[in-house]
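Report on one structure; see the data block that follows.
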There are 2 protein chains.
Amino acid sequence: MVVFAGQGDARRSMSLLWRSDRPEQQDRRPGPGPRPGLSVDAIVTAAVAVADEDGMAALSMRAVGERLGRTAMALYTYVPSKSELLDLMYDAVHAELPMEYDDTGDWRAGLTDWARDTLEFQLRHPWVLQVSQARPVLGPHEYAGLDTLVHLLRTTGLEARLLRRLVGTLSHFVRGCAGTVAEARQAAAATGESDEEWWFARSALLGEVAPDFAERYPDLMAMETGSAPQPPAPAPAPGEEAVPYPEREARETFDVGLGVLLDGIEAAIGRTATP
Amino acid sequence: MVVFAGQGDARRSMSLLWRSDRPEQQDRRPGPGPRPGLSVDAIVTAAVAVADEDGMAALSMRAVGERLGRTAMALYTYVPSKSELLDLMYDAVHAELPMEYDDTGDWRAGLTDWARDTLEFQLRHPWVLQVSQARPVLGPHEYAGLDTLVHLLRTTGLEARLLRRLVGTLSHFVRGCAGTVAEARQAAAATGESDEEWWFARSALLGEVAPDFAERYPDLMAMETGSAPQPPAPAPAPGEEAVPYPEREARETFDVGLGVLLDGIEAAIGRTATP
DNA sequence: GAAGTTACTTTACGACGTAAGGAGTCGCAA
DNA sequence: TTGCGACTCCTTACGTCGTAAAGTAACTTC
């Protein structure tokens with residue numbers, strides 16, 4: 001479920017995002033009519049809470065309204081549509097992204113920290129992974145996050161054109177890792193079946209239904225036997241906090257993949273340094 | 001919208017995927033009752049056509065049924081639920097993935113071709129990007145595609161454990177690039193507003209609403225001015241086939257990012273070759 | 001007090017997946 | 001030949017969703 005962002009009145013949407021109509025509201029000129037019981041901020045906060053707790057699929061106008069003791073329609077006084085609300089939520093949580101990193105020379109450490117923070121952020125708010133990237137929300141906090149990454153990348157001294165592509169490359173990678181973990185957690189929560197149980201049951205069925213598996217996929221088998229006996233899950237060490245199997249898998253992919261990516265960037269730096 | 005796959009009867013689901021109940025069907029023992037007017041394959045084909053043409057959001061049981069001249073409920077005779085149908089669709093289209101690549105030494109060329117083919121495949125069927133990766137479908141064609149990639153990676157001589165992570169890293173990267181393009185196309189189709197138009201309008205609004213943009217995001221500005229004056233779209237050369245702006249952007253990210261990734265892999269190979 | 005504006009509610013519409021039950025069609029045993 | 005049971009496919013219905021339209025009540029301003 002990729003959710004697309006506001007397509008309504010673009011000007012109103014941008015005003016809300018950048019809070020450029022706030023001055024008037026803060027004057028507290030009450031004007032005629034009953035006192036507003038809600039506010040855009042309260043609605044965004046409630047909506048983020050719903051999405052964090054119950055996932056994007058559970059994010060309905062009715063659910064957000066209920067959390068605020070109102071009906072769904074009450075929200076439309078403050079927010080033009082669900083799409084715009086989603087934009088606001090997206091930008092609001094991006095305020096959590098750290099902005100200060102070591103930029104005194106060790107670009108590798110800086111980017112590693114950035115990637116880790118971004119991963120954790122996306123796992124805290126897994127629903128952000130389901131907001132379309134193609135037409136960005138263009139809010140102040142999203143831009144701030146982008147600026148942070150660009151700042152780190154600029155310390156490598158690489159040319160601007162290449163930098164642009166590295167932003168995308170790193171983002172895709174982190175998003176992919178986060179998505180895998182987030183989806184695994186969501187599947188476990190939705191089905192009540194842990195990943196270990198799921199894999200165990202599916203492996204057995206696979207053996208029944210595809211007895212020629214080893215011959216059909218020789219390279220896959222060679223890799224599996226050469227690395228770790230994993231699809232039948234490794235026993236979780238007793239007493240140890242058990243990180244579920246595919247989550248551990250994804251985190252290792254994150255560590256290794258990030259290293260490979262940074263090695264590639266290092267190669268690029270070496271190439272421009274000695275032309 | 002991330003869509004989760006079948007959670008129903010796992011055995012039936014796997015049987016359908018691997019067609020291990022097909023022999024009986026192919027015997028054409030008619031049995032009692034009216035002749036089946038449909039088949040699992042026909043339904044899957046129709047569903048893929050709907051999803052390809054109108055996107056995942058338009059993939060409803062009613063729409064698939066209509067395309068086959070039936071009601072939505074008629075499909076439930078052949079397929080247990082929409083989730084299982086999605087599994088079947090997912091695996092079915094993966095049969096399109098090429099399986100033969102140059103594995104005679106030039107692993108770089110092989111992986112580049114693989115990545116390009118995978119990207120094109122995912123752009124042909126953008127809805128596959130919206131199927132959850134955490135609990136894979138485990139169908140024969142998905143496994144075949146995985147086997148192909150592993151085969152290519154094994155020619156690098158890297159150890160199995162590292163290989164596993166590279167599979168994920170490369171997949172995340174390609175999926176990310178494909179997702180950006182797919183979402184851009186979908187947004188353009190849904191709104192009727194081209195990406196150029198969209199960027200142009202949004203840039204103007206951004207100037208209104210955030211006049212201090214340049215001071216707030218200095219690194220972003222430095223990168224933009226240092227690379228290409230792009231958000232205000234570059235004029236499409238007349239007569240030339242105009243690849244939309246963010247699609248071109250994404251394809252460049254693909255080329256550059258893939259190069260960086262392969263450089264990283266090359267570094268890993270060099271490290272193990274000279275221990 | 002009357003008028004006008006605003007916050008919020010109720011009701012309603014057409015989409016969705018799919019459960020339940022019914023109608024019609026066919027092979028096969030009696 | 002008849003009727004049973006299995007089978008395909010249909011209609012209807014329920015509870016979800018976003019949100020349009022219209023109504024009610026609270027409040028400021030004249």
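Labels below follow one simple rule: chain letters A, B, ... track the order of the sequence lines, proteins then strands, and each chain is numbered from 1. Since the model is a prediction, treat every value here as computed from it, not as a measurement.
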Start at the 5' end of DNA chain C and walk down; is the nucleotide closest to B/A58 or to A/L38 reached first? A/L38
Atom CG of A/D54 and atom C1' of D/dC17 are separated, to the nearest Å, by 16 Å
May I have the list of side-chain donor-acceptor pairs in residues 169-180 of chain B shorter than 3.5 Å, sequence neighbours left out?
| from | atom 1 | to | atom 2 | distance (Å) |
| --- | --- | --- | --- | --- |
| B/T169 | OG1 | B/R165 | O | 2.8 |
| B/S171 | OG | B/V167 | O | 2.7 |
| B/R175 | NH2 | B/L129 | O | 3.0 |
| B/T180 | OG1 | B/G176 | O | 3.0 |

Looking at A/T77, does any N or O in its side chain come under 4.0 Å of the phosphate oxygens OP1/OP2 on C/dC8? no
A/R12 vs A/V79, test: side-chain contact (heavy atoms from CB on, under 4.5 Å). Steps then yes/no. CA-CA 10 Å; A/R12 166 133 189 234; A/V79 155; 6.0 Å; no
Between D/dC10 atom P and B/E66 atom CD, what is the distance in whole Å? 12 Å
Calculate, to the nearest 0.5 Å, the distance between atoms CG and CE belonging to B/L75 and B/M73 respectively. 9.0 Å
Take atom CZ of A/R70 and atom C1' of C/dT9, then tell me their distance rounded to the nearest Å. 11 Å
Between B/G37 and A/S60, whichever has its closest DNA chain D nucleotide further toward 5' is B/G37
Considering only D/dT8, C/dT9, C/dA7, which nucleotide approaches the side chain of A/A74 most closely? C/dT9
Please list, for nucleotides 25-27 of chain D, all pairs of protein and nucleotide N/O atoms separated by less than 3.5 Å.
| from | atom 1 | to | atom 2 | distance (Å) |
| --- | --- | --- | --- | --- |
| D/dC27 | O2 | A/G33 | N | 2.9 |

Using the 3.5 Å cut-off, write out each protein N or O paired with an N or O of nucleotides 19-23 of chain D and the distance between them.
| from | atom 1 | to | atom 2 | distance (Å) |
| --- | --- | --- | --- | --- |
| D/dT19 | OP2 | A/Y76 | OH | 2.6 |
| D/dT19 | OP2 | A/K82 | N | 3.1 |
| D/dT19 | O5' | A/Y76 | OH | 3.3 |
| D/dT19 | O4 | A/R62 | NH2 | 3.1 |

Assess whether side-chain contact (heavy atoms from CB on, under 4.5 Å) is satisfied between A/R135 and B/E193, documenting all intermediate values. CA-CA 11 Å; A/R135 297 202 175 172; B/E193 193 182 19; 4.1 Å; yes
Contact between A/L88 and A/R19 at the side-chain level, heavy atoms closer than 4.5 Å - yes or no? yes
Gap between atoms CG and P, on A/L75 and C/dT10 respectively (whole Å): 14 Å
Across all chains, not counting sequence neighbours, the ring-ring contact (aromatic ring centres under 6.0 Å, His included) partners of B/H94 are B/Y90, B/F121
Measure from CG on B/L86 to C1' on C/dT18 and round the result to the nearest Å. 16 Å
Kindly indicate whether the side chain of A/D91, heavy atoms from C-beta on, has any atom under 4.5 Å from the side chain of A/W18. no
With side-chain contact (heavy atoms from CB on, under 4.5 Å) as the criterion, how do A/Y143 and B/L206 come out once you've worked through the C-alpha distance, each side chain's angles and the decisive distance to 0.1 Å? CA-CA 11 Å; A/Y143 266 123; B/L206 205 53; 3.5 Å; yes
What's the CG-P distance between A/L59 and D/dC17, to the nearest Å? 10 Å
To the nearest 0.5 Å, atom CG of A/L97 lies from atom CG of A/D147 at 12.0 Å
Under 3.5 Å, sequence neighbours excluded: what are the donor-acceptor pairs made by side chains of residues 45-69 of chain A?
| from | atom 1 | to | atom 2 | distance (Å) |
| --- | --- | --- | --- | --- |
| A/T45 | OG1 | A/D41 | O | 2.8 |
| A/D52 | OD1 | A/H125 | ND1 | 2.8 |
| A/D52 | OD1 | A/W127 | NE1 | 2.6 |
| A/D52 | OD2 | A/H125 | ND1 | 3.0 |
| A/E53 | OE1 | A/R67 | NH2 | 2.8 |
| A/S60 | OG | A/A63 | N | 3.0 |

Applying a 4.0 Å non-hydrogen cut-off, can you work out what B/L68 is touching in the nucleic acid: base, sugar-phosphate, or nothing? nothing
Just by distance, do the side chain of B/Y76 and the backbone of B/K82 share a donor-acceptor pair under 3.5 Å? no
If you measure from OG1 on A/T191 to CD on A/Q186, what distance do you get to the nearest 0.5 Å? 10.5 Å
Can you give me the bend angle of the helix from C/dG1-D/dC30 to C/dA30-D/dT1? Use the axis through the first five pairs and the one through the last five, nearest 10 degrees. 30°
Heavy atoms only, 4.0 Å cut-off, all strands: where does A/L85 land among base, sugar-phosphate and nothing? nothing
